[in-house]
2 protein chains.
Amino acid sequence: MLTTLMSGKALTASELAAEAGITAQTASSHLSKLEGAGLLTQRKQGRHRYFALADDEVGNLLEAMMGLAAKRGHMRARTGPRDPALRKARVCYNHLAGEFGVRMFDSLAARGLVVEEGEDVSLTDEGETFVSGLGIDLPALTSLRRPLCKSCLDWSMRRTHLAGALGTALLDRFYDLGWARRIDGTRIVSFTGEGERRFLEIFPAV
Amino acid sequence: MLTTLMSGKALTASELAAEAGITAQTASSHLSKLEGAGLLTQRKQGRHRYFALADDEVGNLLEAMMGLAAKRGHMRARTGPRDPALRKARVCYNHLAGEFGVRMFDSLAARGLVVEEGEDVSLTDEGETFVSGLGIDLPALTSLRRPLCKSCLDWSMRRTHLAGALGTALLDRFYDLGWARRIDGTRIVSFTGEGERRFLEIFPAV
DNA sequence: TTCATACTTCGACCATAACCGAAGCATGAG
DNA sequence: CTCATGCTTCGGTTATGGTCGAAGTATGAA
């Protein structure tokens, strides 16, 4: 039920029970515990009770837990969000995840613009030129104490994507350029037709 | 046992059992499960088996989980070590934790010498002057790849203290100045009378 | 070799968690 | 009003996990 709610959408108790394959009674019991623990919020609306993750921090923790579980080979058969829009592109903390996030990272790595060494990721000289060309103010980013590049394991793809200050800056840049926007109340990053075209062009498949 | 291992030190099965207040058999059962799950690593050395967290990612996840739990008010009643000396000042990885660690961080933050932004911590210009005045070779630290400042959640105090290269350098400096020394075989940092006086003077309570 | 220590395995016990059927509320529709 | 729907509470069963005593294995010391 928690992973289902990671879509950011609020779902009713019945929907969550059906999703989890348990009866309404059992679901009700779990949901009340989760709400009591502060992990879920509940909103009554008519006869329905809509449940959602309490805040982003809960979603981030779930994603971190699933990321670690995936690396250790303990994932369930079904992984990642079912919603195709979420699988395609979503926010993870403040950077881009999903198929688009992984594609961007792979594309950068294949052209030698970033180098992955274990858990560390670094930007090469060519990479600096490249991201500057995208309109990223690199000196401003490096002046932050925050690590410029970090790797982050993608939940649905189980592949590395780009986190850190640069990951955040790139997603913000896509917003600024009007290529994509965050769908309110969800973790979905929705690309426009033109935005998607440009993104795929700039980050070619490897 | 996992929270105990967050100190970064490798501990034997018996030590972990004693710390958790369970028998050796029970501890053995849990440790083998945790190792099987890839959360712990084991190193045989003579008759002892030393256990440690498998990698930083595990520690980070534990920290995130405890952070969220603390925010939601679900921390266990008994937290931190029972030994008063350990509660007062101890090493966490290579930096100072316990009451003294938290006091140092609070004092630095209250005077605007460090700034905490979520999980990131940065040293201000005034902070740079301050730590240089303490005899820290700041240029040497910043040349390291390792992050200069990191926040670390204190187990017993449930409060932030200073980790990272600077956290390590400060503790080393206290050793050099003769203010404190590490008690062999323990995580206790023992301050001398004079050392404690100077420490409390330099890092006034907020 | 013999003994002590460190740890694991086995077997059993008990507390708890997950689960569902039945019944009970609450809400909206007719 | 009555009825259907969505959800919760209650009671009881089953499965699981945590726990320890007893016995077994490995290692180092005497």
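Predicted model only: the values in this text are computed from it and were never measured. Naming: A, B, ... by sequence-line order, numbering from 1 per chain.
Taking atom CZ of residue B/R43 and atom C1' of nucleotide C/dA6, one finds them 16 Å apart after rounding to whole Å. For the pair B/L16 CG and C/dA6 P, the interatomic distance rounds to 14 Å; values are reported in whole Å. Here C/dC19 presents its C1' atom at 12 Å from CE of A/M1, a figure rounded to the nearest Å. Rounded to an integer number of Å, the gap from A/Q25 CD to C/dC20 C1' is 6 Å. Whole-Å rounding puts the A/R49 CZ to C/dG28 P distance at 12 Å.
Residues A/T12 and A/E15 have side chains that bring a donor and an acceptor to within less than 3.5 angstrom of each other. Between A/S29 and A/T26, the side chains place no donor N or O within less than 3.5 Å of an acceptor N or O (distance only, hydrogens not considered). Side-chain contact of B/T124 with B/E126: a donor-acceptor pair under 3.5 Å is present, judged by distance alone.
Distance from the side chain of A/H48 is smallest to D/dG6 among D/dT19, D/dG6, C/dA6. Nearest nucleotide to the A/T23 side chain, out of D/dT8, C/dT8, C/dG21: C/dG21. Among the nucleotides C/dC20, D/dT8, D/dT19, the one closest to the side chain of A/I22 is C/dC20.
Within residues 28-37 of chain B, the residues approaching DNA chain D are B/H30, B/K33, by heavy-atom distance under 4.0 Å.
Residue A/T26 places at least one side-chain N or O closer than 4.0 Å to OP1 or OP2 of C/dC20.
Considering CD of B/E99 and CZ of B/R90, their distance stands at 9.0 Å, rounded to 0.5 Å.
Residues B/T4 and B/L11 have side chains in contact (heavy-atom distance under 4.5 Å, counting atoms from C-beta outward).
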Between the protein and nucleotides 27-30 of chain D, list the N/O to N/O atom pairs that are separated by less than 3.5 angstrom.
residue, atom, partner, partner atom, Å
D/dT27, OP1, B/K44, NZ, 3.1

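Every residue was checked against the side-chain hydrogen bond (donor to acceptor under 3.5 Å, both in side chains) condition with A/D172, not counting sequence neighbours, and none meets it.
Annotation for A/T168 and A/H95: closest pair N-CB, 4.0 Å, computed over non-hydrogen atoms.
Checking side-chain atoms of B/R181 against main-chain N and O of B/S190 turns up no donor-acceptor pair under 3.5 Å.
Remark: A/R43 qualifies as a cation-pi partner of A/Y50 under the 6.0 Å distance and 45° angle criteria applied to the six-membered ring.
Nucleic acid contact for A/A13: sugar-phosphate only, since backbone atoms but no base atoms lie under 4.0 Å from a heavy atom of the residue.
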